[in-house]
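Quick notes on the structure that follows.
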Amino acid sequence: MITPHPSLRGRSVLSLRNHDPAGIAALLESAADLKADRNWPPLLAGRVIALIFEKPSTRTRVSFESGIARLGGDSLVLSGRDMQMGRGETVEDTAKVLSRMVDAIVIRTGPHATITELDRAADVPVINALTYEHHPCQALADAQTLAERFGDLVGLPVAYVGDGNNVCTSLMIIAGLTGIDLTCGCPAGYEPDAEVMAWADAAARALGGRVDGTREPGEAVRGARAVYTDTWVSMGDEETAEARRSALGPFRVDDALLAEAAGDAVVLHCLPAHYGDEVTHGVLHGPRSAVWDQAENRMHAQAALLAHVLGDDPGS
Ligand code: CP
Ligand code: NVA
C-alpha cells in the first residue's frame with residue numbers, strides 16, 4: 001500500500017523544486033516497491049487522467065498510459081493539435097474545463113510559463129511531462145535507477161555532460177533533493193541555469209552532496225559512477241542544430257571519455273539517443289549502459305508519483 005506523502009498529496013508537480021527530500025524519498029521507495037510487485041494495487045481505480053502532448057513522445061506517453069492502466073485508472077491522450085487550444089482557446093479556459101472532468105492533467109508543452117499558467121487556473125493537480133526548461137518525471141526515474149544500482153544516493157558522484165538543458169536542470173534539482181554529488185560538464189553558452197544550480201548546490205550540501213559545473217568534459221567525468229548525457233538538439237532547438245554540434249562535439253560520451261569515469265560507472269541517457277552526436281552506439285548498447293532500466297523506471301516512478309498525488313488520505 002502507498003500512503004501519500006503530505007508534500008505530494010493533491011499537489012502539482014511542475015519542477016520538483018517545491019517538494020521536499022522526505023517526499024521524494026517516499027516516492028522513490030514506492031517506485032521500487034511497485035517495480036518489485038507484479039500485482040499492482042488498484043490505487044487509481046475510478047480516476048481519469050488527461051495526458052496532453054503538444055510535442056512528440058514515446059517513453060513519457062507510454063509509461064504514463066501503462067502505469068495508469070496497471071493501477072486501475074483511465075487515461076485520455078490528447079494531442080495538442082487536436083485540441084481547441086491549438087486553434088486559440090486559452091490555456092486558462094482549457095484548465096478550467098478539464099478540471100471539471102478529470103482528476104489530474106499531465107502535459108508536455110513548450111515554455112514552462114504555459115504549465116504554470118495551466119496550473120494557476122486548474123483545480124486538479126498538474127504534472128509536467130516535459131517543458132523546454134524542466135523534465136521532472138525523467139529525474140524521478142533517473143534517481144530510481146541510480147538508487148537501484150548504487151543504494152544510497154548521498155554523495156554519489158554523478159556526471160552530466162553535454163547541453164545544460166531541461167534534463168540537466170531536473171537532474172540538478174533531484175540531486176539537491178537527494179544529496180547526489182553532481183558535476184555538470186557543459187561548454188560555454190550551453191551551461192545549465194546558474195540560479196537553479198546555486199539552489200541545487202545549497203540543497204544538496206544540506207544533505208551531504210553538492211552540485212557544480214565545469215567546462216571540461218574529462219574533469220566532469222573523472223571518478224563518476226554514472227555518466228549521463230542527453231541530446232544536443234532538444235525539441236525547439238532545431239534551428240541552432242549545427243552550432244550546437246560544433247560546440248558540443250568534445251562532450252560526446254564515447255569509450256575514451258567513459259574511461260575517465262569510475263571502473264563501475266554506468267551510462268545514463270533519457271533517450272531518444274542520437275548516435276555519433278552525444279553518445280556512440282557502442283557505449284549506449286555496451287555493458288555499462290543502464291538506459292533500458294532507466295526507461296523502464298519511467299513507468300514505476302510516474303505510477304508512484306500519481307499514487308502519491310492522487311492517493312486517498314489514510315486519515316480521511
Ligand atoms: N525521455 C523521454 O521523455 O522520452 P520521450 O520523449 O520519448 O517521452
Ligand atoms: N532535452 C530533450 C529531452 C527529450 C526527452 C528535449 O527537450 O527535447
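Counting convention: from 1, in listed order, for ligands and their atoms alike.
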Are H269 and W292 close enough that their ring centers fall under 6.0 Å?
-> no

Distance flag, aromatic centroids of H5 and H308, threshold under 6.0 Å = no

Answer yes or no for K55: is there a heavy-atom contact with ligand 1 below 4.0 Å?
-> no

Do you know the tightest heavy-atom contact between M299 and S66?
-> SD-OG, 3.2 Å

Same hydrophobic cluster for V124 and L118, using side-chain heavy-atom links shorter than 4.5 Å among ILVMFWY?
-> yes

Among protein heavy atoms, which sits nearest to atom 4 (O) of ligand 1, and what does the distance come to when rounded to 0.1 Å?
-> R59 NE, 2.9 Å

Among protein heavy atoms, which sits nearest to atom 6 (O) of ligand 1, and what does the distance come to when rounded to 0.1 Å?
-> R108 NH1, 2.8 Å

Taking atom types as modelled and ignoring hydrogens, do the side chains of [X] and [Y] form a donor-acceptor contact shorter than 3.5 angstrom?
| X | Y | answer |
| --- | --- | --- |
| N166 | Y132 | no |
| Q144 | D293 | no |
| R108 | T60 | yes |

Report, in ascending order of atom number, the atoms of ligand 1 lying under 4.0 Å from any heavy atom of [X].
| X | answer |
| --- | --- |
| R298 | 1 (N), 2 (C), 3 (O) |
| T58 | 5 (P), 7 (O), 8 (O) |
| H135 | 2 (C), 3 (O) |
| C270 | 1 (N) |

Have a look at D142 and tell me which of H135, R298, Q294 forms a side chain to side chain donor-acceptor pair (under 3.5 Å) with it.
-> Q294

Near [X], which atoms of ligand 2 are under 4.0 Å from a heavy atom of that residue?
| X | answer |
| --- | --- |
| L130 | 3 (C), 4 (C), 5 (C), 7 (O) |
| L271 | 5 (C) |
| N166 | 1 (N), 2 (C), 6 (C), 7 (O) |

Residue part near ligand 1, for L271, under 4.0 Å between non-hydrogen atoms = backbone

Just heavy atoms, cut-off under 4.0 Å: does D230 contact ligand 2 by side chain, backbone, both, or neither?
-> side chain

Heavy atoms only: which of M235, E133, H269, H135 is nearest to atom 8 (O) of ligand 2?
-> M235

Are any of the N/O atoms in S234 less than 3.5 Å from those in ligand 2?
-> yes

Is a salt bridge present between D277 and R252, judged by a nitrogen-to-oxygen distance below 4.0 Å?
-> no

